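Working notes, beginning with the structure itself.
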There are 2 protein chains.
Amino acid sequence: MDARIDQRRYETRARILKALAHPSRLKLIDKLSEREEVCVCDLTETIGCDMSTVSRHLAQLRAAGIVESEKRGQMVFYRLRVKCLQSLFGCIESVARSHVEEHLVVLS
Amino acid sequence: MDARIDQRRYETRARILKALAHPSRLKLIDKLSEREEVCVCDLTETIGCDMSTVSRHLAQLRAAGIVESEKRGQMVFYRLRVKCLQSLFGCIESVARSHVEEHLVVLS
DNA sequence: TGGCTATTTGCATGATTAGCCAAATATACA
DNA sequence: TGTATATTTGGCTAATCATGCAAATAGCCA
């Protein structure tokens, strides 16, 4: 009976992690963590691909609950709605570092 | 010049996050966090799909540096090589919770 | 109203992913 | 050596994803 709740929880987590799991979206998050809010045009410039692609990346982050948006005039501003991402990336980085070290050992 | 290093870092993070971003792999991690090590056959039973599929999921987690494996006899035992995943999931859960709350507000 | 800008959406395409079955590999054991 | 067990790998298919271009939408301003 708990099994279904667990299954649901795994699916929820996977959906959020999948939203994070793309280099461009991570870059967007990095940019957003530097300021209170950033418009799509500025984000497009930092990512360097088509604005329509950036818009879709942002839509994914929003659907996952990671960012929120507000339209003012013709522009749409996005901002992070999560505070714990830096520590999350800290964990990811520790995986990356130790994995690289292991590879170096293997290679040497 | 930093840009390339940054780009590399985003790609590394994305690769690790992508390895985490699947319900079955999250379930595998949960199972592994309960014990020191678990064999593929036991993991297959908890996941409930073909052993070949489980083996591939585990291979992905290993390639990302999240688990490691050791063969003893005919069996292969997997174990977590990362300690910070619970706090990482804590962050993910906080996203999930606040996003659900927002949806409830929208619905009401 | 008409034109201009910012953003999103429709559509098509190529790439990646998940899953299963069957076959290969490796180890144990009689 | 031959057989059984545990795991991985090859090959295939269906589904999902990323991307760009073009078109649609929405707001501003003359």
Side-chain angles (χ1 to χ4, degrees), chain A residues 7-8 10-32 35 37-80, chain B residues 7-8 10-32 35 37-80:
Chain A
Q7 189 58 28
R8 186 88 57 96
Y10 295 132
E11 284 164 9
T12 302
R13 288 182 182 182
R15 197 161 29 76
I16 295 167
L17 286 163
K18 187 146 58 169
L20 292 171
H22 188 288
S24 296
R25 293 195 287 273
L26 294 175
K27 193 168 184 177
L28 288 169
I29 288 169
D30 233 25
K31 189 72 177 179
L32 290 170
R35 301 165 203 260
E37 56 177 24
V38 187
C39 68
V40 179
C41 50
D42 285 355
L43 291 169
T44 297
E45 197 163 341
T46 67
I47 296 294
C49 66
D50 201 274
M51 182 182 274
S52 68
T53 300
V54 173
S55 176
R56 279 186 225 267
H57 281 312
L58 289 166
Q60 279 187 71
L61 290 173
R62 187 175 47 204
I66 297 162
V67 306
E68 59 192 2
S69 65
E70 183 186 344
K71 181 163 195 170
R72 288 204 304 278
Q74 326 172 52
M75 295 160 82
V76 178
F77 294 87
Y78 280 80
R79 57 175 160 272
L80 286 180
Chain B
Q7 188 59 27
R8 186 88 57 97
Y10 295 132
E11 284 164 8
T12 301
R13 289 182 181 181
R15 195 162 29 76
I16 295 167
L17 285 164
K18 189 147 53 169
L20 292 171
H22 188 287
S24 296
R25 293 194 288 273
L26 293 174
K27 193 168 185 177
L28 288 169
I29 289 169
D30 233 25
K31 189 73 177 180
L32 289 170
R35 301 164 202 261
E37 57 178 22
V38 187
C39 67
V40 179
C41 50
D42 285 356
L43 291 169
T44 297
E45 196 164 340
T46 67
I47 295 294
C49 67
D50 200 275
M51 182 182 274
S52 67
T53 301
V54 173
S55 176
R56 278 187 224 267
H57 281 312
L58 290 166
Q60 278 187 72
L61 291 173
R62 187 176 46 205
I66 297 163
V67 305
E68 59 192 2
S69 64
E70 183 186 345
K71 182 163 194 168
R72 288 204 304 277
Q74 325 173 52
M75 294 159 83
V76 177
F77 294 88
Y78 281 80
R79 57 176 161 272
L80 286 179

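Numbered from 1 within each chain, the chains take letters A, B, ... in sequence-line order. Bear in mind that the values here come from a model prediction, so they are computed numbers and not experimental data. Because only heavy atoms are used, hydrogens play no part in the values below, and waters and symmetry mates are left out as well, while side chains stay in.
- Each of B/E37, B/K71, B/E68 was checked for a side-chain contact (heavy atoms from CB on, under 4.5 Å) with B/F77, and the lone residue meeting it is B/E37.
- Side-chain N/O atoms of B/Y78 include none lying less than 4.0 angstrom from OP1 or OP2 on D/dA6.
- At least one donor-acceptor pair closer than 3.5 Å links the side chain of A/T12 to the backbone N or O of A/R8.
- Considering all non-hydrogen atoms of both residues, A/L80 and A/L32 come closest at CG-CB, 3.8 Å.
- For A/V76 and B/R72, each mapped to the nucleotide of DNA chain C holding its nearest heavy atom, the one lying further toward the 5' end belongs to A/V76.
- You'll find that the side chain of A/C41 is closest to C/dT7, out of D/dT8, C/dT27, C/dT7.
- For A/L58 and C/dA6, the CG to C1' distance is 13 Å, given to the nearest whole Å.
- Within 4.0 Å of A/F77, counting heavy atoms only, lies no atom of the nucleic acid at all.
- In this structure, A/R62 forms no cation-pi arrangement with A/Y78, as its terminal cationic atom is not both closer than 6.0 Å to the ring centre and no more than 45° off the ring axis.
- When distances run from any side-chain atom of B/S52 to the nucleotides D/dT8, C/dT9, C/dT8, the shortest one goes to D/dT8.
- Within 4.0 Å (heavy atoms only), B/M75 reaches sugar-phosphate atoms of the nucleic acid but no base atom.
- Side chain of B/S55, nearest nucleotide from D/dG10, C/dT8, D/dT8: D/dT8.
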Side-chain donor-acceptor distances from residues 15-23 of chain A under 3.5 Å, at least two apart:
{"from": "A/H22", "atom 1": "ND1", "to": "A/S24", "atom 2": "N", "distance (Å)": "3.0"}

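- Here C/dT9 presents its P atom at 15 Å from CG of A/D50, a figure rounded to the nearest Å.
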Review item, side-chain donor-acceptor pairs of residues 40-48 of chain B, under 3.5 Å, at least two apart:
{"from": "B/T44", "atom 1": "OG1", "to": "B/V40", "atom 2": "O", "distance (Å)": "2.8"}
{"from": "B/T46", "atom 1": "OG1", "to": "B/L43", "atom 2": "O", "distance (Å)": "2.9"}

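- Per the geometry, CD belonging to A/E37 stands 12 Å off P belonging to C/dT7, to the nearest Å.
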Mind listing the N/O atom pairs, protein and nucleotides 16-18 of chain C, below 3.5 Å?
{"from": "C/dT17", "atom 1": "OP1", "to": "B/K18", "atom 2": "NZ", "distance (Å)": "3.4"}
{"from": "C/dA18", "atom 1": "OP1", "to": "B/R25", "atom 2": "NH1", "distance (Å)": "3.2"}
{"from": "C/dA18", "atom 1": "OP1", "to": "B/R25", "atom 2": "NH2", "distance (Å)": "3.1"}
{"from": "C/dA18", "atom 1": "OP2", "to": "B/Q60", "atom 2": "NE2", "distance (Å)": "3.1"}

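- For B/R56 and C/dC21, the CZ to C1' distance is 11 Å, given to the nearest whole Å.
- The distance between atom CD of B/E45 and atom P of D/dA6, rounded to the nearest whole Å, is 11 Å.
- Contact between B/Y10 and A/L26 at its shortest, heavy atoms only, is O-CD1, 3.3 Å.
- Note: CZ (A/R62) to P (C/dT7) measures 12 Å, nearest angstrom.
- Computed from coordinates, the B/L43 CG to D/dA6 C1' distance equals 13 Å when rounded to whole Å.
- Between the P atom of C/dA6 and the CD atom of A/Q74 lies a distance of 6 Å, rounded to the nearest Å.
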